[in-house]
Amino acid sequence: MTTRSIKNILQTEDFGIQLKVQGWVRSFRSNRFIALNDGSVQGNLQLVIDFTQFEESFIRRIAVGAAIEAEGILIASQGSGQTMELQVSKLTILGDCDPSTYPLQPKKHSLEFLRQIAHLRFRTNTFGAIFRIRHTLSFAIHEFFNSRGFYYLHTPIITASDAEGAGEMFQVTTLDLNNIPKNEDGSINFKEDFFERPANLTVSGQLEAELAAMALSKVYTFGPTFRAENSNTPRHLAEFWMIEPEVAFADIHDNMNLAEDLLKYVIQKVMTDCSDDLKFLNDRELEDEKQKPLAERNELSLLERLRFCVENNFERISYTEAIDILKNSNPNKKGKFQFPVEKWGTDLQSEHERYLVEKHFKKPVILSDYPKEIKAFYMRQNEDGKTVAAMDILFPGIGEIVGGSQREERLDKLESRMIEMHIPTEEMHWYLDTRKYGSCPHAGFGLGFERLVLFVTGMTNIRDVIPFPRFPGNAEF
RNA sequence: GCCUCCUUAGCUCAGUUGGUUAGAGCGUCGGACUGUUAAUCCGCAGGUCCUUGGUUCGAGCCCAAGAGGAGGCGCCA
């Protein structure tokens, strides 16, 4: 007899068939009904046992969390609440679960509590849904790029380049920290280190992806990224996953189109393939919001937000237009902003981004053409001499989900900008070579994967959408 | 890194102006019941009130420091 997943059983409705299932007990009622879940799907399969056929000591071992195997006949359910149930003829306990110490109960737990038992939280409905959706998003991203002729590129995790310019890095070393080899002048002798030079964990695969795009035309990376920033927010992690496409012969508008198409494709994919999980998370959020004051509730439900995002064009405006809107906005005039919007050239604060996305446009916004002073050295300088061809996509509740740009492909402009910004040109000879030999216009962006999962699941803390979050002071599990 | 708030039973939380023995729901454990839907009913047990120090005749409650958690800001994806 073949074992079948609960997902498969619930889909096929093969009544009258003898089959075998394995899973974990979610609840056991009336000494008769076992709700069995194997993680393949949100729903449970109801197992029905005749308790007169089993020893009382055996019945006691059917506890919440226990791993069991059951054989029986699938029949139309005799009770209401489910369409089918398995009439069990043989039951085996594969792994006991002591209810007096097992932390998960058949009741609602707070996300904060579950974060402390991240090794067990997969067993809850909420986290089952989150990680099935995370998987679906992940695969949809590969599907999207593959179907458009992109090549999946593995850029290095360890990098010796300290010029990526995207924040603090984690150093990688095999030196004995209790006995660090020194040069005569007292500085650290990195010749003794594994790579014979300082090395770090990557903060971005972009620069390497550009090199590949200069030959393969369309590439993307999808891998872990590390930032040693002391960021303590529900939107930041020290280790997160990022998607970074890089496209030759593309300008900033192609770049915006690509990002918008990608986001819509993967969100639509989850709406189609994970409807049960989304329904669960949607209802969970509605229930949760009943506790909140009206002003703090979402105007749209999770499902409505996703539909809205897929069905509407993202608003595209320039930084300059954004400043005008903000200057003339009610909160700015009434002094409601903590940071009043006054002059062109300063970076937008998150309260400003929130206003644009959540109040003014009420939809995803693509902001472009930022002042060059507040953006990275590799971004293409616009004709006005003041701005660069940068673009950020802002999502409601999440903030910046995508950051990208058309890259500076003109060698002289790139070099002078690097010198202005104190980027060591000698060390970056390999990057500059792409501008020296057969340079061409190209563009790309970085999409924060966990921020995407946040938006799609409606969760509000990024530590709840990655299995084992890493953040300052925490690397448990 | 800065600011605000929180920490009471396994979990979620009450706890009056500082006043005897710190409470509830759920869970656990014991019993009853058995076509249930986070089953239901009865009963028992369960506490370093985060830690340390201070004020006071007396501290879960007031003060200080520390630890842990959450949110806001900055950095960004």
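Order of the sequence lines fixes the chain letters, A, B, ..., with proteins taken first and strands second; residue numbering starts at 1 for each chain.
Within 6.0 Å of CZ on A:F58 lie more than 12 heavy atoms contributed by other residues, nucleotides or ligands. Within 6.0 Å of OH in A:Y152 there are more than 12 heavy atoms belonging to other residues, nucleotides or ligands.
Contact check of residues 448-457 of chain A against RNA chain B (heavy atom, cut-off under 4.0 Å) returns A:G448, A:R451.
The distance from atom CG of A:L114 to atom P of B:C11 is 12 Å, rounded to the nearest whole Å. Taking atom CG of residue A:L104 and atom P of nucleotide B:U12, one finds them 12 Å apart after rounding to whole Å. Per the geometry, CD1 belonging to A:I366 stands 16 Å off P belonging to B:A77, to the nearest Å. To the nearest angstrom, C1' of B:C76 lies 17 Å from CZ of A:F395. Rounded to an integer number of Å, the gap from CD1 of A:I462 to C1' of B:C76 is 10 Å. The distance between atom CZ of A:F240 and atom P of B:C75, rounded to the nearest whole Å, is 15 Å. Going from atom CD of A:Q206 over to atom C1' of B:C76 covers 14 Å, rounded to whole Å. One interatomic measurement links the two molecules: CG of A:D98 to C1' of B:G27, which rounds to 13 Å at whole-angstrom precision.
A donor-acceptor pair shorter than 3.5 Å can be found between the side chains of A:Y378 and A:Q206. With 3.5 Å as the limit, one finds a donor-acceptor pair spanning the side chains of A:R29 and A:S27. Residues A:E71 and A:S89 have side chains that never bring a donor and an acceptor to within less than 3.5 angstrom of each other.
Using a 4.0 Å heavy-atom cutoff across all strands shown, A:P99 reaches sugar-phosphate atoms only and no base atom. Among the heavy atoms of the strands lying under 4.0 Å from A:Q78 is at least one base atom, whether or not backbone atoms are also near. Using a 4.0 Å heavy-atom criterion, one finds that A:S77 contacts the bases of the nucleic acid, with or without backbone contacts as well. Among the atoms of the strands shown, only primed sugar atoms or phosphate atoms (P, OP1, OP2) are found under 4.0 Å from some heavy atom of A:F113.
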Evaluation steps, side chain to side chain donor-acceptor pair (under 3.5 Å), between A:Q406 and A:N255: CA-CA 7 Å; A:Q406 184 172 340; A:N255 207 28; over 6 Å; no
Do any N or O atoms of the protein come closer than 3.5 Å to N or O atoms of nucleotides 38-42 of chain B, and which pairs are they?
from: B:A38; atom 1: N1; to: A:K108; atom 2: N; distance (Å): 2.9
from: B:A38; atom 1: N3; to: A:P106; atom 2: O; distance (Å): 2.3
from: B:A38; atom 1: N3; to: A:K107; atom 2: N; distance (Å): 3.2
from: B:A39; atom 1: OP2; to: A:S27; atom 2: OG; distance (Å): 3.2
from: B:A39; atom 1: OP2; to: A:R29; atom 2: NH1; distance (Å): 2.4

Check: protein-nucleotides 44-46 of chain B nitrogen or oxygen pairs below 3.5 Å:
none

List every contact pair, protein side and nucleotides 30-32 of chain B side both N or O, where the distance is under 3.5 Å.
from: B:G31; atom 1: OP2; to: A:R60; atom 2: NH2; distance (Å): 3.2

Just the atom pairs and distances: protein N or O near nucleotides 68-74 of chain B's N or O, under 3.5 Å.
from: B:A70; atom 1: OP1; to: A:R115; atom 2: NH1; distance (Å): 2.8
from: B:A70; atom 1: OP2; to: A:R463; atom 2: NH1; distance (Å): 3.3
from: B:G71; atom 1: OP1; to: A:N461; atom 2: ND2; distance (Å): 3.2
from: B:G71; atom 1: OP2; to: A:N461; atom 2: ND2; distance (Å): 3.2
from: B:C73; atom 1: OP1; to: A:S350; atom 2: OG; distance (Å): 3.3
from: B:C73; atom 1: N4; to: A:N232; atom 2: O; distance (Å): 3.2
from: B:G74; atom 1: OP1; to: A:Q349; atom 2: OE1; distance (Å): 2.6
from: B:G74; atom 1: OP1; to: A:S350; atom 2: N; distance (Å): 3.1
from: B:G74; atom 1: OP2; to: A:S350; atom 2: OG; distance (Å): 2.7
from: B:G74; atom 1: N2; to: A:N230; atom 2: O; distance (Å): 3.3

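A distance of about 29 Å separates the P atoms of B:U4 and B:A77, rounded to the whole Å. Remark: the separation of the P atoms in B:G69 and B:C33 is 48 Å, to the nearest Å. Taking the C1' atoms as reference points, B:A67 lies 23 Å from B:U12, given to the whole Å. Taking atom P on both B:U16 and B:C63, the two are 15 Å apart, rounded to the nearest angstrom. Of the C1' atoms belonging to B:C26 and B:A65, the separation is 36 Å, rounded to the nearest Å. Nucleotides B:C57 and B:G30 have their P atoms positioned 50 Å apart, rounded to a whole Å. Here the separation of B:A59 from B:A22, taken at their C1' atoms, is 13 Å to the nearest Å. Annotation: B:U56 and B:C62 have their C1' atoms spaced 10 Å apart (nearest Å).
Under the 30°/60° scheme for interplanar angles, the aromatic rings of A:Y265 and A:F144 are found to be tilted.
Screening residues 250-268 of chain A for salt bridge (Lys or Arg N to Asp or Glu O under 4.0 Å), with sequence neighbours left out, gives A:R148-A:D261, A:E260-A:K264, A:E260-A:R316.
A donor-acceptor pair under 3.5 Å links the side-chain atoms of A:E351 to the main chain of A:F339, judged by distance alone. Using a distance-only test at 3.5 Å, with no hydrogens or angles considered, no donor-acceptor pair links the side chain of A:N282 to the main chain of A:L278. A:N474 places a side-chain N or O within 3.5 Å of a backbone atom of A:E476 that can act as its donor or acceptor partner. A:H352 places a side-chain N or O within donor-acceptor distance of the main-chain N or O of A:Q349, the cut-off being under 3.5 Å. Not a single donor-acceptor pair under 3.5 Å links the side chain of A:D369 to the backbone N or O of A:T387. Remark: the backbone N or O of A:G39 is paired with a side-chain donor or acceptor of A:R132 at under 3.5 angstrom. The backbone N or O of A:G205 lies less than 3.5 Å from a partner atom in the side chain of A:E244, making a donor-acceptor pair. Between the side chain of A:R463 and the backbone N or O of A:L237 there is no donor-acceptor pair closer than 3.5 Å.
Side-chain to base pairing of A:Q82 with B:G35: no donor and acceptor N or O lie closer than 3.5 Å to each other.
Taking A:K362 as the reference, A:E299 meet the salt bridge (Lys or Arg N to Asp or Glu O under 4.0 Å) condition, with sequence neighbours excluded. Residues passing the ring pair (Phe, Tyr, Trp, His ring centres under 6.0 Å) test with A:F33: none are found, sequence neighbours excluded. Shown here are the salt bridge (Lys or Arg N to Asp or Glu O under 4.0 Å) partners of A:E420, two or more places apart in sequence or in another chain: A:R417.
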Using atom types as modelled, flag every donor-acceptor pair under 3.5 Å from a side chain in residues 105-113 of chain A to any protein atom, sequence neighbours excluded.
from: A:H109; atom 1: NE2; to: A:Q105; atom 2: N; distance (Å): 3.0
from: A:S110; atom 1: OG; to: A:F113; atom 2: N; distance (Å): 3.1

Pairs under 3.5 angstrom only: tabulate donor-acceptor contacts from the side chains of residues 389-401 of chain A to other protein residues two or more places apart or in another chain.
from: A:D392; atom 1: OD2; to: A:Y370; atom 2: OH; distance (Å): 3.3
from: A:D392; atom 1: OD2; to: A:K375; atom 2: NZ; distance (Å): 3.1

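Along RNA chain B, the nucleotide nearest A:S100 and the nucleotide nearest A:Q87 are compared for position; the residue whose nucleotide lies closer to the 5' end is A:S100. Nearest-nucleotide mapping onto RNA chain B: of A:G446 and A:S110, the residue sitting toward the 5' end is A:S110.
Scanning RNA chain B for stems, defined as runs of 3 or more consecutive Watson-Crick or G-U wobble pairs whose donor-acceptor distances all fall under 3.5 Å, gives the following ranges: B:1-7 with B:67-73, B:10-13 with B:23-26, B:29-32 with B:40-43, B:50-54 with B:62-66.
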